[in-house]
Chemist: 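Below is a structure I'd like to ask you about.
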2 protein chains.
Amino acid sequence: MELDSIDWAILAVLQENAALPIQAVGERVGLSTNPCWRRIKRLEEAGVIARRVAVLDPTKVGLPTTVFVAIRTARHDPEWLATFAAGVAAIPEITECHRMAGEVDYLLKLSVRDIAHYDRIYQRLISEVPGLNDVSSTFSMEAMKVSTAVPRPS
Amino acid sequence: MELDSIDWAILAVLQENAALPIQAVGERVGLSTNPCWRRIKRLEEAGVIARRVAVLDPTKVGLPTTVFVAIRTARHDPEWLATFAAGVAAIPEITECHRMAGEVDYLLKLSVRDIAHYDRIYQRLISEVPGLNDVSSTFSMEAMKVSTAVPRPS
DNA sequence: GATGAAAGCTGCTGTCC
DNA sequence: GGACAGCAGCTTTCATC
């Protein structure tokens with residue numbers, strides 16, 4: 001689907017604040033309500049807008065700590081991968097899991113209350129998934145920038 | 001603010017789909033429209049729900065590649081940090097930046113079109129911010145799990 | 001004191017120009 | 001893309017348990 005400048009202006013607004021009335025979105029991009037609504041509907045139907053979600057304040061819900069976990073493993077067979085994927089999916093504190101190129105095989109991002117909480121998740125993961133030989137975790141001291149918004153590719 | 005089981009049920013729903021009418025949210029958590037609406041309003045006013053955002057499909061907007069960049073630096077003075085923070089803030093392809101504990105000083109997450117696109121961002125960053133001695137980037141081959149939702153702390 | 005029903009009103013949705 | 005009309009859903013008030 002082709003996206004023009006106005007589409008990107010709409011996407012920029014909605015990526016920041018999806019609670020705005022369509023009329024307010026239209027004003028910010030120079031469109032009246034109806035054509036703005038039609039564009040948004042088109043973007044949703046095309047799947048460009050995948051979903052609308054509520055973002056919580058990590059501190060206010062008691063999960064202020066972000067941990068990144070780099071995993072290396074000797075196991076790469078499909079059965080092991082299925083076990084690993086199931087374990088990752090079952091632990092809600094794991095918010096992201098990427099299969100990586102390079103030295104590290106998998107990179108996880110977790111949201112936890114504190115180090116003790118992380119340790120419980122860590123113990124759970126290694127007990128559910130065998131063969132996690134090299135697991136190195138690093139804690140975020142400060143989230144300088146955290147955004148779900150992506151720019152128009154230049 | 002205290003969050004009970006029903007609040008967490010509401011938050012679980014809204015973290016998955018914030019476009020749902022309040023009545024539908026209420027049905028899923030066993031509440032009629034009015035008390036459900038009051039709880040959501042309370043969660044918003046308390047800042048537990050920080051915002052509502054549209055999440056785009058990275059593939060459909062031409063940014064299918066996720067890159068993690070680990071940075072080590074010898075510079076830690078406030079002036080350097082201000083320059084670094086400004087550079088990070090100014091580059092929209094950088095979606096996250098964390099100041100880390102341990103060996104790595106900063107961890108960045110980027111959304112880019114391809115390796116060439118990443119290289120342009122990389123060049124821009126090191127030209128704007130001096131003293132980035134050790135910059136190692138790793139590409140995500142597959143996003144096995146990506147979520148903005150966090151669980152009720154156990 | 002919190003819930004559920006019911007009314008008013010804002011803003012979403014579709015048609016026509 | 002813009003104007004207008006119909007209507008669904010949000011927001012408030014009031015009675016109830």
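Both backbone and side-chain heavy atoms feed into the values below; hydrogens, waters and symmetry mates do not. Per chain, numbering begins at 1; letters A, B, ... match sequence-line order.
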Chemist: Roughly how many Å is it from CG in B:L14 to P in D:dC10, rounded to a whole number?
Modeler: 11 Å
Chemist: What's the CD1-P distance between A:I6 and D:dG2, to the nearest Å?
Modeler: 9 Å
Chemist: Is B:E93 paired with B:R120 through a side-chain N to carboxylate O contact shorter than 4.0 Å?
Modeler: no
Chemist: Rounding to an integer number of Å, can you tell me how far A:L31 CG sits from D:dG2 C1'?
Modeler: 10 Å
Chemist: Below the 4.0 Å mark, does D:dT12 have OP1 or OP2 next to a side-chain nitrogen or oxygen of B:K41?
Modeler: yes
Chemist: Would you say the side chains of A:S5 and A:R152 form a donor-acceptor pair under 3.5 Å?
Modeler: yes
Chemist: Can you say whether the rings of A:Y118 and A:F139 are parallel (under 30°), tilted (30 to 60°) or perpendicular (over 60°)?
Modeler: perpendicular
Chemist: Please work out which of the three classes, parallel, tilted or perpendicular, describes the rings of B:F68 and A:F68, given edges at 30° and 60°.
Modeler: perpendicular
Chemist: Rounding to an integer number of Å, can you tell me how far A:N34 CG sits from D:dG2 P?
Modeler: 9 Å
Chemist: For the pair made of CD1 in A:I40 and C1' in C:dG14, what is the distance, rounded to whole Å?
Modeler: 16 Å
Chemist: B:Q23 CD to C:dA6 P: how many Å, rounded?
Modeler: 14 Å
Chemist: So, is B:W37 near the phosphate of D:dC10, with a side-chain N or O under 4.0 Å from OP1 or OP2?
Modeler: no
Chemist: Pick the closest DNA chain C nucleotide for A:P21 and for A:R38 by heavy atoms, then say which residue is nearer the 5' end.
Modeler: A:P21
Chemist: May I have the distance from B:I22 (atom CD1) to D:dG9 (atom P), rounded to whole angstrom?
Modeler: 11 Å
Chemist: Provide, to the nearest angstrom, the distance between the CD atom belonging to A:E45 and the P atom belonging to C:dT13.
Modeler: 11 Å
Chemist: Could you tell me whether the phosphate oxygens of D:dG1, OP1 or OP2, come under 4.0 Å of any side-chain nitrogen or oxygen in A:R39?
Modeler: yes
